[in-house]
Amino acid sequence: MSDAGQRAQEFIYRVPWPARGMRPGMHISRRAGMGQLFSGYASLLDYPDPRRLDLRASVRDPFGMLYTRVYRQRSAINVIVVADLSASMRFADKQRFVIDCVDSVARSAHSGGDAFGFVGIGQAASRGRGNAPTHREAFYWPASFRRGGVDDILGRLAEPLPLGAAVDDEPALAERLPQRRALVFLVSDFHWSTERLARILAQLAGHDVVPVVVWDAREYADLPRRGLVHLVDPETGRRRTLWMRPALADKWRTAYAERRAELTRRFTRNGRAPLFAGRQFSANAFTDYFLRAA
């Protein structure tokens, strides 16, 4: 949960596709129901609701058929956060970002009448004899309209991510997602290989994926011009010392700019442009993202 017990900010989101759920919600659907969006006319025999009997449409029918007005119901959808819990998310405030993001998405979904779910990928391995990883415990919360359980997720997310936890290919990821199309927030720094990214996106096919890129300026922009820099790869534990100089710093920034352009191309082709969220979570940035996409 948010620091000092503060309530997470909510944001506004919309989807461009019709919801198919039976439960009433805030999203346009193709299902007939008690909504206010006029869909057409139907025979009173097919939709026996005399309250919506349309006399004008009925008297125009040469066969004397009685017609009722049919409206579209607004329906609920599933909103899922798929969060990268690999060791690279230890850097700076990335783990704090994930916690605040999950808290805000859950509150926003439940306030709008939608179901919320969570899937963690690359979660910490349990340790056996000799501190060797033995197995990975699934971090999974199926989509639910109940608000209970979110605090448990946030509590587990607050646990330190150990070194050496890398993103799995997650062959069961697709099985943990709803069958109906869902709005999926894929939250990561995306320090993945091209092949691994393609495999994960393939398992999210059929869903509306919002890529949330969590980068910190200290990774690529706020670099010292000169001096020794000690680096640790959190996913392998390798240590390396570099002599930072202006040419190397420029090369570093260029690599991040190229990576940003690559992610933008790939995700845009996949359906949505990425949201480069910055160092701290901002509900307003999420709202602006959906308003620009509308």
Side-chain angles (χ1 to χ4, degrees), residues 1-17 19-29 73-85 89 93-121 123 138-159 161 173 176-178 180-189 204 207-214 272 274-294:
M1 61 193 71
S2 300
D3 287 333
Q6 295 179 350
R7 179 184 175 89
Q9 291 183 321
E10 299 173 7
F11 61 90
I12 299 172
Y13 60 90
R14 295 290 183 268
V15 295
W17 36 273
R20 296 185 178 180
M22 298 184 64
R23 187 180 180 116
M26 65 176 181
H27 306 281
I28 294 176
S29 72
Q73 169 183 292
R74 287 187 174 270
S75 299
I77 63 172
N78 293 311
V79 180
I80 312 294
V81 173
V82 176
D84 177 4
L85 303 181
M89 298 297 287
D93 298 322
K94 292 182 181 180
Q95 191 171 353
R96 179 75 256 167
F97 182 99
V98 172
I99 295 171
D100 292 340
C101 180
V102 170
D103 194 5
S104 181
V105 172
R107 292 184 182 277
S108 301
H110 287 148
S111 293
D114 292 329
F116 169 78
F118 177 85
V119 181
I121 58 177
Q123 53 267 35
F139 193 171
Y140 166 55
W141 178 264
S144 172
F145 293 98
R146 295 185 296 107
R147 297 175 186 266
V150 176
D151 286 343
D152 291 338
I153 296 174
L154 300 177
R156 289 186 60 182
L157 288 174
E159 297 174 2
L161 298 174
L173 176 58
R176 295 172 185 164
L177 297 175
R180 288 197 184 99
R181 192 176 192 185
L183 179 64
V184 177
F185 292 88
L186 180 59
V187 184
S188 174
D189 54 15
L204 297 175
H207 297 287
D208 187 356
V209 180
V210 177
V212 181
V213 184
V214 186
R272 282 188 183 268
L275 168 58
F276 289 89
R279 180 176 176 179
Q280 294 181 331
F281 175 81
S282 169
N284 290 334
F286 277 60
T287 297
D288 291 343
Y289 174 87
F290 284 97
L291 291 177
R292 290 196 304 268

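Atom set for the values below is all heavy atoms of this structure, side chains included, hydrogens, waters and symmetry mates excluded. Quick caveat: nothing in here was measured; it's all calculated off a predicted structure.
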Taking every non-hydrogen atom, the tightest pair across [X] and [Y]:
| X | Y | value |
| --- | --- | --- |
| P178 | A143 | CG-CB, 4.4 Å |
| P211 | Y289 | CD-OH, 4.4 Å |
| A76 | A19 | O-CB, 4.1 Å |
| R14 | R272 | O-NH2, 3.7 Å |
| V214 | K94 | O-CE, 3.5 Å |

To the nearest 0.5 Å, how far apart are [atom1] in [X] and [atom2] in [Y]?
| X | Y | atom1 | atom2 | value |
| --- | --- | --- | --- | --- |
| M26 | S111 | CE | OG | 9.0 Å |
| Y140 | L173 | OH | CG | 10.5 Å |
| R176 | I121 | CZ | CD1 | 10.0 Å |
| N78 | R20 | CG | CZ | 13.5 Å |

Is [Y] close to [X] at the side-chain level, that is, under 4.5 Å between some pair of heavy atoms?
| X | Y | answer |
| --- | --- | --- |
| V98 | D84 | no |
| V210 | F286 | no |
| L157 | F139 | yes |
| V102 | F185 | no |
| F281 | D103 | no |
| V150 | F118 | no |

Side-chain ([X]) to main-chain ([Y]) donor-acceptor, under 3.5 angstrom:
| X | Y | value |
| --- | --- | --- |
| S104 | D100 | no |
| Q95 | E159 | yes |
| D114 | I77 | yes |

- Message: Any salt bridge linking D208 with R181? Criterion: basic side-chain nitrogen under 4.0 Å from a carboxylate oxygen.
- Response: no

- Task: Inspect the contact between D288 and R292 and indicate whether a charged nitrogen and a carboxylate oxygen are less than 4.0 angstrom apart.
- Result: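 No, this pair does not count.
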
- Report the C-alpha separation of V187 and F97 in whole Å, then their side-chain angles, then the decisive distance to 0.1 Å, and conclude whether the side chain to side chain contact (heavy atoms under 4.5 Å, CB included) test is met. CA-CA 9 Å; V187 184; F97 182 99; 4.2 Å; yes

- Parallel, tilted or perpendicular: rings of F290 and F11 (30°, 60°): parallel

- Plane angle bin for F116 and H110 - parallel if under 30°, tilted between 30 and 60°, otherwise perpendicular: perpendicular

- Task: Just do the side chain to side chain contact (heavy atoms under 4.5 Å, CB included) check on M89 and D189 with the steps written out, would you?
- Result: CA-CA 7 Å; M89 298 297 287; D189 54 15; 3.7 Å; yes

